[in-house]
Colleague: 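Starting off with a structure, shown below.
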Amino acid sequence: MTNNGFEQDQYIRNRVLLMHVKCGMMLDARRLFDEMPEKNLVSWNTIVAGLVDSGDYVEAVGLFLTMWEEFSEGESRLFATMIRASAGLGLISLGKQLHSCALKMGVGEDIFVSCTLIDMYSKCGSIEDAQFVFDDMPDKTTVGWNSIIAGYALHGYSEEALSMYYEMRDSGGKMDHFTFSIVVRICTRLASLEHAKQAHAGLIRNGFGLDIVANTALVDFYSKWGRVEDARHVFDDMPKKNVISWNALIQGYGNHGRGQEAVEVFEQMISRGMAPNHVTFLAVLSACSRSGLSEHGWEIFQSMSGDHKVKPRPMHFACMIELLGREGLLDEAFALIRGAPFKPTVNMWAALLTACRVHENFELGKLAAEKLYGMEPEKLSNYIVLLNIYNSSGNTKEAAEVVHTLRKKGLTMRPACTWIDINRSSHVFLSGDKSHAQTEEIFQKVESLMAKISRHGYVPQERHLLPDVDEREVRFPFHHSEKLAIAFGLINTPEWTPLQLVQSHRICNDCHNAIKLITVVTGREIVVRDGSRFHHFVGGKCSCGDYW
DNA sequence: ATAGTCACGT
């Protein structure tokens, strides 16, 4: 057999291998690979990349090491693949070793290697190393920019990420559908309508208007901004939708207290043959719970494993506990916890705890709080909820003890802040914040608002004294960060503009009451979003139905 | 090579 003929055979064997990998038939692919009489670099690349794509990182690394012992040979693609595997495993040490290997082999500046390195470093927690690789790139490609921007966003540096995007644009970088998806997601976190609208326009202008991922990000953005109708428009215009797109829309309706529509979209999805996943059920069940559609909720919950082959997870149980809890069916909710086919999780106890707090069942609430506290003793949030329950029930002594342990463990409560985006720039307010340039005007506005809503029955709420809280704040909840942000927003926007706030903390009862009335006296729509839920205030009502 | 839904609190 001539050398040429052998190479041809090898070429064909590699193609067959690739075909199996592309079809996701990894077991067959592996068998073919193992039975190959000869393996060249392409064969190794193909099988290893297949393993990484299917999430089998450990196996991929094992195979790579076998190969490395034999040949000590590698080229850029293979390194890129292995760096991707380290990212998947979250192993920065492995990633660093591969990085230095790649440098030794002279492929350290390869564009594929650089981009996967940026991604790997940021996913493994080192944005500094990612930035370092990015800085060293001789030509900053679209993928390179995308990766570093996504990296900053991943680490919570949303503003920095956004300004890097503008840097990319200004330096003539060519933006693609990945860029716009990332930017829209950043805007979602920043609640920045103007930037998002620009990105939306850019997406269409640059010919990526049909991209399913970018459009799904837009659906999510508009619904999280309180513009569910706009979200619906984007969704309806999408030529193709997948399960994530449907989920985003259902979630959108649910978040704004429009459970009926959420259920309708869910049913539409089923009737169109789209298979729901566990996130779909999370969205539709919490929508039912928030809108008081308990019958629907139960039916859907019951249908999960049978009709839809989706096994209920702890979060689905937590949703159902919330659903029961809203109606004050605390014993039934507790029974659901005890009857769950797995060990009750933090979320489930937390849902029960919220129900107990709202319905003032402190006995069961204390049980739930202490369970939480016992399960994750290092987690700040559990101290906060325990603090809340003691505080609401007037147990100031126990509350003080919680604060004490919290201090002993070195866990600190960060001050609450609210964030509002006006005319493309964002403004942050702390409680009682007097650092803003318009402070005087803002405080005047708060005063006049409070006076106005008092005529509609608003009474400032006395709160139990917390060991850590400034006494002025307790007596005067007028200067909570959300009230300041709203006053600022009212001053600086035209009358018909809805306001969108993002908040670091759970909204307090007093602010919740006040904001409801503010929508009455001003005729504005106000959307407040905290880490996990929405309050869509309109006409004196809130989408949460006063339960949160 | 890089992107989108969830993850119950300050």
Side-chain angles (χ1 to χ4, degrees), chain A residues 49 52 76-77 79-81 83-84 87 110-120 122-123 141-151 153-154 176-186 188 208 211-221 223-224 241-252 254-255 276-283 285-286 289 313-316 318-319 321-322 345-355 372 379-388 406 411-417 430-431 468 481 503-508 530-533 548:
Chain A
V52 171
S76 55
R77 288 293 190 126
F79 274 109
T81 305
I83 292 163
R84 211 145 53 85
D110 176 88
I111 199 72
F112 286 83
V113 173
S114 307
C115 292
T116 39
L117 277 172
I118 295 171
D119 185 55
M120 182 275 295
S122 70
K123 282 188 178 142
T141 60
T142 300
V143 182
W145 277 108
N146 290 347
S147 305
I148 192 72
I149 294 171
L154 183 71
D176 65 2
H177 47 308
F178 281 74
T179 321
F180 292 113
S181 312
I182 299 162
V183 169
V184 170
R185 186 154 143 75
I186 292 166
T188 307
F208 304 112
D211 185 73
I212 192 164
V213 178
N215 278 302
T216 301
L218 282 167
V219 170
D220 184 50
F221 171 82
S223 81
K224 288 207 167 101
K241 302 142 171 108
N242 61 19
V243 62
I244 301 179
S245 328
W246 285 95
N247 292 351
L249 186 67
I250 296 171
Q251 188 81 43
N255 278 340
N277 65 12
H278 69 109
V279 180
T280 316
F281 285 104
L282 223 50
L285 290 179
S286 69
S289 156
R313 300 184 184 192
M315 275 308 286
H316 301 112
C319 272
I321 291 160
E322 185 183 308
T345 62
V346 172
N347 311 327
M348 291 161 69
W349 288 117
L352 183 66
L353 176 58
T354 302
L372 276 170
K379 202 170 162 187
L380 177 64
S381 64
N382 294 333
Y383 291 87
I384 307 290
V385 276
L386 193 63
L387 192 59
N388 275 341
L406 213 139
L411 299 169
T412 45
M413 289 195 278
R414 252 171 277 162
C417 64
L430 296 168
S431 189
D468 234 14
S481 55
Q503 200 147 283
S504 61
H505 58 297
R506 189 182 154 271
I507 192 166
C508 81
D530 66 24
S532 51
R533 79 201 77 216
W548 73 95

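Hydrogens, waters and symmetry mates play no part in the numbers below; they use all other heavy atoms, side chains included.
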Colleague: Taking CG from A:Leu117 and C1' from B:dT2, how many angstroms apart are they, rounded to a whole number?
Modeller: 13 Å

Colleague: List the steps, then state whether side chain to side chain contact (heavy atoms under 4.5 Å, CB included) holds for A:Ser245 with A:Val219.
Modeller: CA-CA 8 Å; A:Ser245 328; A:Val219 170; 6.0 Å; no

Colleague: Under 30°, 30 to 60°, or over 60°: which ring-plane class applies to A:His278 and A:His316, parallel, tilted or perpendicular?
Modeller: perpendicular

Colleague: Classify the nucleic acid contact of A:Arg84 as base, sugar-phosphate or nothing, counting any heavy atom under 4.0 Å across all strands shown.
Modeller: sugar-phosphate

Colleague: Tell me: CD1 of A:Ile182 to P of B:dA3, nearest whole Å?
Modeller: 7 Å

Colleague: Look at the side chain of A:Ile244 and decide which nucleotide, out of B:dC8, B:dC6, B:dT5, has an atom nearest to it.
Modeller: B:dT5

Colleague: Can you tell me the distance, in whole Å, between the CG atom of A:Asn347 and the P atom of B:dC8?
Modeller: 6 Å

Colleague: Determine: side-chain N/O of A:Lys224 to OP1/OP2 of B:dC6, distance under 4.0 Å, yes or no.
Modeller: yes

Colleague: Rounded to the Å, how far apart are A:Leu249 CG and B:dC6 P?
Modeller: 13 Å

Colleague: Can you figure out which of B:dT10, B:dA3, B:dC8 approaches the side chain of A:His177 most closely?
Modeller: B:dA3

Colleague: Base, sugar-phosphate alone, or nothing: which one does A:Lys123 contact when heavy atoms must sit under 4.0 Å apart?
Modeller: sugar-phosphate

Colleague: Regarding A:Asn242, tell me which of base, sugar-phosphate or nothing describes its non-hydrogen contacts under 4.0 Å with the strands shown.
Modeller: base

Colleague: Does A:Val143 offer a backbone N or O that forms a donor-acceptor pair with the side chain of A:Ser147 under 3.5 Å?
Modeller: yes

Colleague: Kindly give the heavy-atom pair with the smallest separation between A:Ile321 and A:Ala351, and that separation in Å.
Modeller: CG2-CB, 3.8 Å

Colleague: Rounded to whole angstroms, how far apart are CH2 on A:Trp349 and P on B:dC8?
Modeller: 18 Å

Colleague: Between B:dA1, B:dG9, B:dG4, which nucleotide has the shortest distance from any of its atoms to the side chain of A:Arg77?
Modeller: B:dA1

Colleague: Would you mind telling me which of B:dA3, B:dT10, B:dT5 lies closest to the side-chain atoms of A:His505?
Modeller: B:dT10

Colleague: Pairing donors with acceptors under 3.5 angstrom, does anything connect the side chains of A:Thr280 and A:Asn277?
Modeller: yes

Colleague: Measure distances between side-chain N and O atoms of A:Ser181 and base N and O atoms of B:dG4, and say whether any donor-acceptor pair falls under 3.5 Å.
Modeller: no

Colleague: Looking only at side-chain atoms of A:Arg506, point me to the closest of B:dA1, B:dC6, B:dT10.
Modeller: B:dT10

Colleague: Can you tell me if A:Arg185 touches the phosphate of B:dG4, counting only side-chain N or O atoms and a distance under 4.0 Å to OP1 or OP2?
Modeller: yes

Colleague: Just to be sure I understand the rule, does A:Asp211 reach a base, reach only the sugar-phosphate, or reach nothing, if contact means heavy atoms closer than 4.0 Å?
Modeller: base

Colleague: Using a cut-off of 4.0 Å on non-hydrogen atoms, how would the nucleic acid contact of A:Ser147 be classed: base, sugar-phosphate, or nothing?
Modeller: sugar-phosphate

Colleague: The side chain of A:Arg533 lies closest to which of these nucleotides: B:dT5, B:dC8, B:dT2?
Modeller: B:dC8

Colleague: Grab the CD1-C1' distance between A:Ile186 and B:dG4 for me, whole Å please.
Modeller: 13 Å

Colleague: Give the nucleotide from the list B:dT5, B:dT10, B:dA3 with an atom nearest to the side chain of A:Val279.
Modeller: B:dT5

Colleague: A:Ser114 near the nucleic acid: base, sugar-phosphate alone, or nothing, with a heavy-atom cut-off under 4.0 Å?
Modeller: nothing

Colleague: Please report, rounded to the nearest Å, how far the C1' atom of B:dT2 is from the CG atom of A:Leu154.
Modeller: 12 Å

Colleague: Classify the nucleic acid contact of A:Thr116 as base, sugar-phosphate or nothing, counting any heavy atom under 4.0 Å across all strands shown.
Modeller: sugar-phosphate

Colleague: Looking for any heavy atom pair under 4.0 Å, which part of the strands does A:Glu322 touch: base, sugar-phosphate only, or nothing?
Modeller: base

Colleague: Could you give the CG-to-P distance, from A:Leu285 to B:dC8, as a whole number of Å?
Modeller: 16 Å

Colleague: Which listed nucleotide (B:dA1, B:dC6, B:dG4) is nearest to the side chain of A:Ile212?
Modeller: B:dG4

Colleague: Do any N or O atoms from the side chain of A:Ser504 and from the backbone of A:Cys417 form a donor-acceptor pair under 3.5 angstrom?
Modeller: yes

Colleague: Where the side chain of A:Met315 is defined as all heavy atoms beyond and including C-beta, which of B:dA1, B:dC6, B:dA7 is the nearest nucleotide?
Modeller: B:dA7

Colleague: Going from CG on A:Leu353 to CG on A:Leu372, what distance comes out if it is rounded to the nearest 0.5 angstrom?
Modeller: 6.0 Å

